[in-house]
Amino acid sequence: MSRAATGGMLLCRAEPVAVRPPAHLLRVRLLLAPAGAWSVLVPEDKPWRDGPETVAEVLSGWCTAIAIGTDRPVLSLWWEDGRTGFALAGGLRRTVAYAWDATGRPAGEPDAMRTLSARLGLDPVLDLAELERLTRADADPAVDGEARLLALVALLTRAGLTLPPGLAPGESADRLRGAARVAPGAETLEWSGRRDAVRAGLDAVERGPLGPWVRGPRARLLGAAQVAAGAPLLAWAAHRRRPGWAAAGAVLLAQGAASLAYDRARALGGASSVSGPWAAAP
């Protein structure tokens with residue numbers, strides 16, 4: 001692995017069918033593949049190269065957006081010039097992050113590993129002890145940041161993670177993309193306009209854990225809350241030029257609008273009404 005490599009991936013503890021709808025709403029080209037009981041997402045491009053956000057910030061925003069859309073834990077892994085780290089998002093719960101510099105010196109939230117263990121259902125004694133070893137600079141001074149991130153990924157195999165061959169922290173973005181393209185069951189996700197937004201939003205609601213909330217007062221309450229949260233977040237992110245957080249706001253806004261529209265269409269006589277005029281939109 002090269003210390004000069006920059007890249008990242010998203011790991012979602014859900015099947016690709018649940019990850020696909022909210023991932024579409026990110027409006028970026030992604031490669032999606034099964035990873036055991038998880039799904040892995042690899043960016044086709046390098047959006048951090050020309051924007052104001054670092055790779056860690058871009059992937060953290062995407063991580064939050066996918067977690068909101070699936071209501072499942074999502075882990076973003078990133079590496080840049082020997083520095084490595086992760087962010088863990090889970091629905092609307094607080095995102096936690098941790099990082100290591102090139103020498104393996106840790107920096108992050110003190111409770112990040114405990115939160116990671118609890119949200120992923122890892123062993124609260126043995127697995128947590130191994131996670132906390134990764135936060136001690138004196139545990140093994142010879143282990144650098146990349147090795148610590150690799151150790152974290154290896155430990156996640158106990159939670160059902162099986163990365164496809166060639167997908168490993170520390171590889172360049174180009175190598176990751178090449179490996180993801182030939183992974184079993186891999187597919188390319190690409191934004192195709194408002195039609196995808198509507199369909200993806202409806203799929204996320206119907207197939208996700210909030211399925212019982214797709215119609216009636218609870219669905220309207222949920223949709224209104226998502227719109228109320230997503231609109232100001234999207235406006236703030238656009239003003240501050242934060243594309244990662246803009247993606248999270250867009251997911252909230254689109255899913256809220258789709259939920260409200262779906263409930264309205266069903267009330268007027270069937271879900272087919274939803275796909276009528278919107279399906280023809282560019």
Side-chain angles (χ1 to χ4, degrees), residues 1-12 16 19-20 22-36 38-67 74-89 95 97-104 108 144-154 156 161-191 237 241-248 250-251:
M1 299 179 190
S2 171
R3 284 286 182 91
T6 297
M9 66 177 76
L10 298 177
L11 304 175
C12 181
V19 177
R20 189 183 302 118
H24 264 299
L25 298 176
L26 294 177
R27 300 194 183 199
V28 293
R29 287 175 57 87
L30 296 165
L31 293 162
L32 170 66
W38 298 57
S39 297
V40 58
L41 285 159
V42 174
E44 278 268 26
D45 302 315
K46 305 170 185 175
W48 51 82
R49 186 171 53 188
D50 302 318
E53 291 186 304
T54 65
V55 59
E57 291 171 330
V58 170
L59 291 178
S60 178
W62 292 357
C63 172
T64 302
I66 299 294
V74 181
L75 199 63
S76 67
L77 308 180
W78 61 269
W79 49 95
E80 184 174 19
D81 297 329
R83 296 175 57 251
T84 63
F86 72 84
L88 172 68
T95 299
Y98 209 84
W100 297 272
D101 66 15
T103 66
D144 61 15
E146 288 181 358
R148 292 179 190 258
L149 193 60
L150 283 169
L152 171 64
V153 172
L156 293 179
L161 175 67
T162 305
L163 284 174
L167 287 181
E171 296 290 354
S172 70
D174 293 334
R175 287 189 177 185
L176 284 177
R177 183 171 60 245
R181 283 175 176 169
V182 299
E187 60 182 290
T188 300
L189 303 182
E190 196 170 3
W191 174 260
R241 295 187 177 182
R242 299 284 189 176
W245 287 108
V251 169

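All values reported here derive from a predicted model rather than from experimental measurement.
The salt bridge (Lys or Arg N to Asp or Glu O under 4.0 Å) test applied to Glu57 returns Arg242, not counting sequence neighbours. Residues satisfying the side chain to side chain contact (heavy atoms under 4.5 Å, CB included) test with Ala186, not counting sequence neighbours, are Ala33, Ala183. Listed by chain and number, the residues in a side chain to side chain contact (heavy atoms under 4.5 Å, CB included) with Thr84 are Trp79, Trp100, Glu146, Leu149 (sequence neighbours excluded). Looking at residues two or more places apart in sequence or on another chain, you find no side chain to side chain contact (heavy atoms under 4.5 Å, CB included) involving Thr162. Applying the side chain to side chain contact (heavy atoms under 4.5 Å, CB included) test to Ala87 and every residue at least two apart in sequence or in another chain returns Ser60, Ser76, Thr95, Ala97. Applying the side chain to side chain donor-acceptor pair (under 3.5 Å) rule to Glu187 yields the partners Arg20; only residues at least two apart in sequence or on another chain are considered. For Trp245, the ring pair (Phe, Tyr, Trp, His ring centres under 6.0 Å) test picks out no residue, with sequence neighbours left out. Scanning for salt bridge (Lys or Arg N to Asp or Glu O under 4.0 Å) contacts around Asp45 gives an empty result, with sequence neighbours left out. With sequence neighbours left out, the ring pair (Phe, Tyr, Trp, His ring centres under 6.0 Å) criterion links Phe86 to no other residue.
Listed for the Arg29 side chain is no donor-acceptor partner under 3.5 Å among the backbone atoms of Glu190.
For Pro22 against Ala65, the heavy-atom pair with the smallest separation is CB-O, 4.5 Å. Of all heavy-atom pairs between Trp48 and Gly7, the closest is CZ2-CA, 4.1 Å. The two residues Val74 and Cys12 make their nearest non-hydrogen contact at CG2-SG, 3.7 Å. Among all heavy-atom pairs drawn from Pro164 and Pro34, the shortest one is CG-O, 3.6 Å.
Rounded to the nearest 0.5 Å, atoms CG (Asp144) and CG (Leu150) are 8.5 Å apart. Between atom CG of residue Leu10 and atom CG of residue Leu26 there is a gap of 8.0 Å, rounded to the nearest 0.5 Å. Taking CG from Leu189 and CD from Glu44, the interatomic distance works out to 9.5 Å, rounded to the nearest 0.5 Å. Atoms CG and CG, on Leu176 and Leu167 in that order, are 6.0 Å from each other to the nearest 0.5 Å. We find the CZ-CG distance between Arg177 and Leu31 to be 8.5 Å, quoted to the nearest 0.5 Å. Interatomic distance, Leu41 CG to Trp62 CH2, rounded to the nearest 0.5 Å: 9.0 Å.
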Begin from the C-alpha positions of Leu11 and Leu163 and carry the test side chain to side chain contact (heavy atoms under 4.5 Å, CB included) through to its verdict.
-> CA-CA 9 Å; Leu11 304 175; Leu163 284 174; 3.7 Å; yes
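Using a 4.0 Å cut-off between charged side-chain N and carboxylate O, Asp174 and Lys46 make a salt bridge.
Residues Tyr98 and Leu152 form no side-chain contact, since every pair of their non-hydrogen atoms from C-beta on lies 4.5 Å or further apart. A heavy-atom distance below 4.5 Å is found between the side chains of Ser39 and Leu32. Within the 4.5 Å cutoff, side-chain heavy atoms of Leu156 are placed close to those of Leu75. Side-chain contact between Val28 and Pro47: absent, with no pair of heavy atoms (C-beta onward) separated by less than 4.5 Å.
The number of heavy atoms from other shown groups lying within 6.0 Å of CZ (Arg175) does not exceed 12.
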